[in-house]
Amino acid sequence: MNNFPDLIVKNIGLLATPEGKCAKKGKEQGKIKLIEDAFIAVQGDTITGVGTEEQLKALEKQRNFCYKTQIVDAGGSLVTPGLVDPHTHLIFSGWRQKELSLKLKGMSYLEILKMGGGILNTVKNTRRASLEDLIQNGRTALDRMMTHGTTTCEVKSGYGLNVEDEIKSLEAIRELNKIHPMELVPTFLGAHAVPEEYKGKTGEYVELINKQMIPRVAGEHLAEFCDVFCEQGVFSVDESRKILECGKNHGLIPKVHADEMTSLGGANLAAEVGAISADHLIHAGDEGLCAMAEKSVVAVLLPGTSLFLNESFARARTMIEMGIPVALATDFNPGSCPTESLQLVMNLACMKYRMIPEEVLTAVTLNAASAINMASTIGSIEPGKQADIVIWNAPDLDFIIYHFGVNLVKTVIKKGKFTVNDGQVI
Ligand code: NIG
Ligand code: FE
């Protein structure tokens, strides 16, 4: 540390973090750095030092701090990197709690969508909503996410499904990124469903996406990624490929909602087009997974969605054994997974995927950052990385998986600034 730190977090009982600037796969995913009795030094928005309390005392002796340095006592608790949620649909208007009873009566998610419900119901409400309404709804969700430990998230459009309302959704993301401490990474998902006015004319809707939406989205720098719901009865592999290739030609990095409800070939497609991630993968076959492993496509798994759709769970252990980097996300949306809590997702990943807590931590930090192209700046607590830090009401990693269904976040620091204290947004 050459300069005086602005902030020291000390008396950290256990610091747990993955290390490095790229996704971890295979056995490496479960290898994290653990430091007992640790401290973190921060200058501006960047971590400048990490070490033990003994090393901190030595620095104090050398008078390496000045009177302006703020000292925060972590009270002997667990400290981790800020959590990263690499898959959310948080720009929408209108919840869909009414679908719950239909599902309990046996109707499937895709049947509800076919009837004009599901995503299409949210589309109606989102089209009616103003930009300000969307910003207000988004802000509420982001506050909840941040109190649960998330400091960066990916956000998709996809409830507008026409030029004007897709742009409105992406503008809401841009605005939220300015006014909320959460760091948002935008994804264009015009191919989330075929809107009612294009029913039976999917090809024409694909044309609208490729000729009008993508050029406008890319031209106005409203998104970094382009995603497609590649699913039976929604967008076929060929249609998805056309959209993702068009996005690539305009500088948008591909992502795929792949093999979520049926085994359509989304994982293969993700590898073929060089997607940064393939998400869901509940029904992905061995061939698709092999292709992903070969191309180092990150698997973004969403166990909250499996739970809420009463579906089976993705084969996370197989993926890890095959050398696919696994990340975890909420999929926060009003239909298939209405939760903002990555903590719940972490618990489900252990209980249903049989991932170990160390693998889970990597999955919601470094690997999640890698799924949104940010692993060089966030996802671990190391000098040079952004100061995104969570102090937990827990002594160790096992505890946050084990004591489930409650919020165990005490303090959140984003880019060196306090954003949550005692569980409350500041
Ligand atoms: O990831 N699969 C498509 N999209 C979301 C669901 C969106 C919704 O139901 O509103 C998902 O599960
Ligand atoms: Fe999704």
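Whatever order the structure lists ligands and atoms in, that order sets their numbers, starting from 1.
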**Item:** Shortest protein heavy-atom distance from atom 11 (C) of ligand 1, along with the residue and atom involved
**Value:** Asp331 OD2, 3.1 Å
**Item:** Side-chain (Asn137) to main-chain (Phe92) donor-acceptor, under 3.5 angstrom
**Value:** yes
**Test applied, side-chain hydrogen bond (donor to acceptor under 3.5 Å, both in side chains); reference residue, Lys414; option that passes from Thr152, Thr150, Asp45** = Thr152
**Per-atom contacts, ligand 1 versus His257 - under 4.0 Å to a heavy atom** = 1 (O), 2 (N), 3 (C), 4 (N)
**Request:** May I ask you to check whether Asp133 and Ser93 show a side-chain donor-acceptor distance below 3.5 Å?
**Result:** no
**Message:** Below 4.0 Å from ligand 1: does a non-hydrogen atom of Thr122 turn up there or not?
**Reply:** no
**Asked** Which protein heavy atom lies closest to atom 4 (N) of ligand 1, and at what distance to 0.1 Å?
**Response** His192 NE2, 2.7 Å
**Message:** Tell me the angle that OD1 of Asp331 and NE2 of His257 form around the Fe ion (ligand 2), rounded to 10°.
**Reply:** 170°
**Asked** What protein heavy atom sits nearest atom 2 (N) of ligand 1, and how far off is it?
**Response** Glu260 OE1, 2.8 Å
**Request:** Assess Cys337: does it contribute an N, O or S atom lying under 2.8 Å from the Fe ion (ligand 2)?
**Result:** no
**Prompt:** Side chains of His180 and Asp143: donor-acceptor distance under 3.5 Å anywhere?
**Reply:** yes
**Asked** Is it true that some N/O/S atom of His89, main chain or side chain, lies under 2.8 Å from the Fe ion (ligand 2)?
**Response** yes
**Asked** Relative to each other, are the rings of Phe229 and His257 parallel, tilted or perpendicular (30° and 60° limits)?
**Response** perpendicular
**Request:** Please say which of Lys168, Glu166, Glu171 ends up in a side-chain hydrogen bond (donor to acceptor under 3.5 Å, both in side chains) with Ser157.
**Result:** Glu166
**Request:** Start with the C-alpha gap between Thr262 and Glu231, add the side-chain angles, then the distance that decides, and say whether side-chain hydrogen bond (donor to acceptor under 3.5 Å, both in side chains) holds.
**Result:** CA-CA 7 Å; Thr262 53; Glu231 184 58 64; 2.4 Å; yes
**Request:** Report the relative orientation of the aromatic rings in Tyr205 and Tyr198; use parallel for angles under 30°, tilted for 30 to 60°, perpendicular for over 60°.
**Result:** tilted
**Prompt:** What residue and heavy atom of the protein are closest to atom 10 (O) of ligand 1, and at what distance?
**Reply:** Tyr159 OH, 2.5 Å
**Prompt:** Considering only heavy atoms, does Glu231 approach ligand 1 within less than 4.0 Å through its side chain, its backbone, both, or neither?
**Reply:** neither
**Heavy-atom side-chain proximity of Val234 to Ile119 below 4.5 angstrom** = no
**Message:** Under 3.5 Å, is there a donor on one side chain and an acceptor on the other for Thr362 and Gln29?
**Reply:** no
**Closest protein heavy atom (residue, atom, distance) for atom 12 (O) of ligand 1** = Ser336 OG, 2.6 Å
**Prompt:** Taking N or O atoms only and a 3.5 Å limit, does Arg96 qualify as a polar contact for ligand 1?
**Reply:** yes
**Message:** If the cut-off is 4.0 Å to any non-hydrogen atom of Ile119, which atoms of ligand 1 fall inside it?
**Reply:** 7 (C), 8 (C), 9 (O), 10 (O)
**Subset of ligand 1 atoms that lie under 4.0 Å from at least one heavy atom of His87** = 1 (O)
**Fill in**
Note: ligand 1 atoms sitting under 4.0 Å from heavy atoms of Tyr109 are 6 (C), 7 (C), 8 (C), 9 (O)
